[in-house]
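These notes concern the structure reproduced below.
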Amino acid sequence: MKSVDFLIVGGGVTGTTAAQTIRGLRPDSSVVILSDEPYELYSRILLTSYIRGEATQEQVFLKRNEWYQENRIDLVKGVSAQKLDANAHTVECANGDVYQYKKLLLALGARPIKLNVPGSELGNISYMWTIEDAEEVINALKGTNESRRPGGPLTRRGVVIGGGFIGLEFAHAFKVKGIETTILDGSEYYWGNRLDKQSSQVIQNILEKNGISVIAGEMVEKFVGSRENPQNVGKVITKSGKEFGCDLVGVGVGIKSDLGWLEGSGIKIDQGIVTNEYLETNLGDVYAAGDCANYYDVIVEGQHLVGTWANAATQAVAVGKTMTGVKTVFEAVCAYTARFFESTCSFVGMTEADFADEVVTRGTVAEGKISRIFLKNYPSTSSGSMTRIVGAIIANNFGEVAPITDAIKNKVDVSQNRDKLADANFDLHSLPIS
Amino acid sequence: MAKKYRIKVDRDLCIGAASCVALAAKTFQLDSENKAIVLSEDADTVEAIRLAAESCPTKAIILEDAETGKQEYP
Ligand SMILES: Cc1cc2nc3c(=O)[nH]c(=O)nc-3n(C[C@H](O)[C@H](O)[C@H](O)COP(=O)(O)OP(=O)(O)OC[C@H]3O[C@@H](n4cnc5c(N)ncnc54)[C@H](O)[C@@H]3O)c2cc1C
Ligand code: SF4
């Protein structure tokens with residue numbers, strides 16, 4: 001058994017930034033990161049640039065081995081944590097190693113949900129989360145190029161399964177690589193699980209303008225191998241019986257944290273690991289941060305699960321301080337902006353529909369930009385109740401991200417301006433920041 | 001003299017992920033194109049600036065020693 005002061009499970013941006021913070025505050029402590037990936041920290045955000053050939057592998061890596069040595073952070077690669085015993089303060093790994101910790105940070109991130117249909121194991125069906133995934137996509141792109149038979153169809157065809165951020169990244173990358181691309185989305189309309197119909201239409205119009213076909217209401221029934229290379233995908237067949245011939249497939253049907261190994265540890269889980277505003281879990285000396293944490297958001301006053309880089313890095317700093325005894329409330333409004341074909345789609349703050357009391361829509365499909373602002377009523381002490389913006393989904397209306405973020409952060413009471421919010425000509429910068 | 005950085009943002013690399021803004025709010029801000037701009041070079045601590053630069057997912061923030069001009073990150 002190895003004893004460490006600070007044990008961190010997960011070597012993504014959360015785990016690494018927390019380690020760096022802890023090292024700065026506690027120069028003499030021992031800090032160990034357990035990572036089931038065999039790499040130093042790399043940027044998931046740059047994976048698509050890497051696939052598109054706009055970033056080198058070297059650029060994708062954010063930390064080198066020497067950095068860990070200089071900072072005396074022991075990165076144990078390729079090791080998966082498998083069991084937590086909170087009473088004994090131990091974590092057991094799949095390879096049998098046991099670590100005893102004084103403080104434990106769970107920075108487990110999330111993983112893509114895998115499609116489990118006949119043919120899922122065929123070649124050239126890729127996901128996009130790890131550097132291996134990116135290499136696989138790059139190989140699939142190359143492979144389909146090389147295997148092109150004389151007399152075969154000239155253009156390569158790609159199918160993207162799932163509307164959403166990863167689906168957009170795939171579609172963009174495929175298109176840049178000259179692939180004829182179709183997006184299949186299982187919802188009633190494109191990206192229907194997160195967007196309203198109008199915002200969906202705004203994004204779909206942009207995609208179609210750039211030559212991508214978008215087909216909603218189609219769930220994958222199975223994949224079938226290609227005639228020339230039966231081990232590789234050649235066709236997607238949907239539940240309604242439609243067939244889409246293809247040379248490669250990109251899947252982006254959602255992400256989920258892998259928390260099964262924590263069952264039985266007594267830790268509270270509700271989609272993510274539940275924490276308070278200090279990122280403390282219900283177990284003593286155990287903390288969670290980043291994509292895996294369902295934390296108490298002091299700004300919107302509710303539990304919140306966020307999957308963004310800035311959120312991960314900022315939580316990591318806050319939790320690193322708290323773990324070293326400088327108790328720090330995590331307080332930030334995070335935004336995620338997807339960029340595709342010179343356009344954007346942003347999610348800011350809390351965008352769970354059932355959290356809000358009302359949703360206001362600004363802009364129209366014809367204008368090609370829509371902001372949907374999520375409002376919530378809060379009881380306030382003297383002046384009656386107040387209405388605040390808690391989040392927004394902003395389709396191709398990028399200029400509104402900053403004022404909306406400010407309004408959420410500053411808890412601006414918009415009850416006086418409620419009716420104006422729906423008017424796209426009303427400048428959100430003029431909301432009073434009290 | 002206390003250490004000071006000269007701070008640059010490579011606008012071609014910046015994607016506006018804003019972790020720099022979240023970690024060193026007196027130093028970085030997003031402009032109307034959603035790119036980070038430098039507000040000040042000595043309003044946050046050097047540690048906060050360093051962490052903000054190292055947390056950038058695209059390595060868009062370049063730190064130089066203000067005195068020697070030597071690049072320190074990335
Ligand atoms: C293609 C792509 C594009 C993106 N673009 C953006 C963007 O534009 N803007 C934005 O804000 N965000 C973006 N993101 C999301 C962003 O990358 C994540 O929010 C961020 O990486 C989360 O960091 P994390 O450290 O919490 O989790 P992760 O990066 O997922 O790291 C967690 C690590 O823990 C490991 N782990 C899990 N369980 C165990 C275990 N039991 N034992 C050992 N190790 C374990 C995992 O393998 C992983 O290495 C993008 C993500 C992808 C994939
Ligand atoms: S963290 Fe990097 S990419 Fe994000 S806004 Fe700052 S400089 Fe730009």
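First the proteins, then the strands, lettered A, B, ... as listed; each starts at 1.
Around the CZ atom of Arg64(A), the shell of radius 6.0 Å holds no more than 12 heavy atoms that belong to other residues, nucleotides or ligands.
Of the possible donor and acceptor atoms, none in the side chain of Lys8(B) sits under 3.5 Å from a partner among the backbone N and O of Ile62(B). Thr21(A) places no side-chain N or O within 3.5 Å of a backbone atom of Ala19(A) that could act as its donor or acceptor partner. Of the possible polar contacts, one joining the Arg23(A) side chain to the Ser29(A) backbone as a donor-acceptor pair under 3.5 Å is found.
For Cys20(B), no part lies under 4.5 angstrom from a heavy atom of chain A. Only the side chain of Leu23(B) comes within contact range of chain A, with at least one heavy atom under 4.5 Å from a heavy atom of that chain. With a 4.5 Å cut-off on non-hydrogen atoms, Ala313(A) touches chain B through its backbone and its side chain both. Proximity to chain B (any heavy atom under 4.5 Å) is shown, for Leu62(A), by both the backbone and the side chain.
When each of Tyr42(A), Tyr336(A), Trp67(A) is scored by its heavy-atom pairs under 4.5 Å with chain B, the top score falls to Trp67(A). With chain A as partner, the option from Ile15(B), Leu30(B), Val21(B) having the largest number of non-hydrogen pairs under 4.5 angstrom is Ile15(B). No other option in Ala48(B), Ser19(B), Gly16(B), Ala52(B) has as many heavy-atom pairs under 4.5 Å with chain A as Ser19(B).
Ion pairing of Glu54(B) with Lys59(B) is absent here, as no side-chain N (NZ or NE/NH1/NH2) approaches a carboxylate O to less than 4.0 Å.
In this structure, the ring of Tyr278(A) has its center no less than 6.0 angstrom from the ring center of Tyr295(A).
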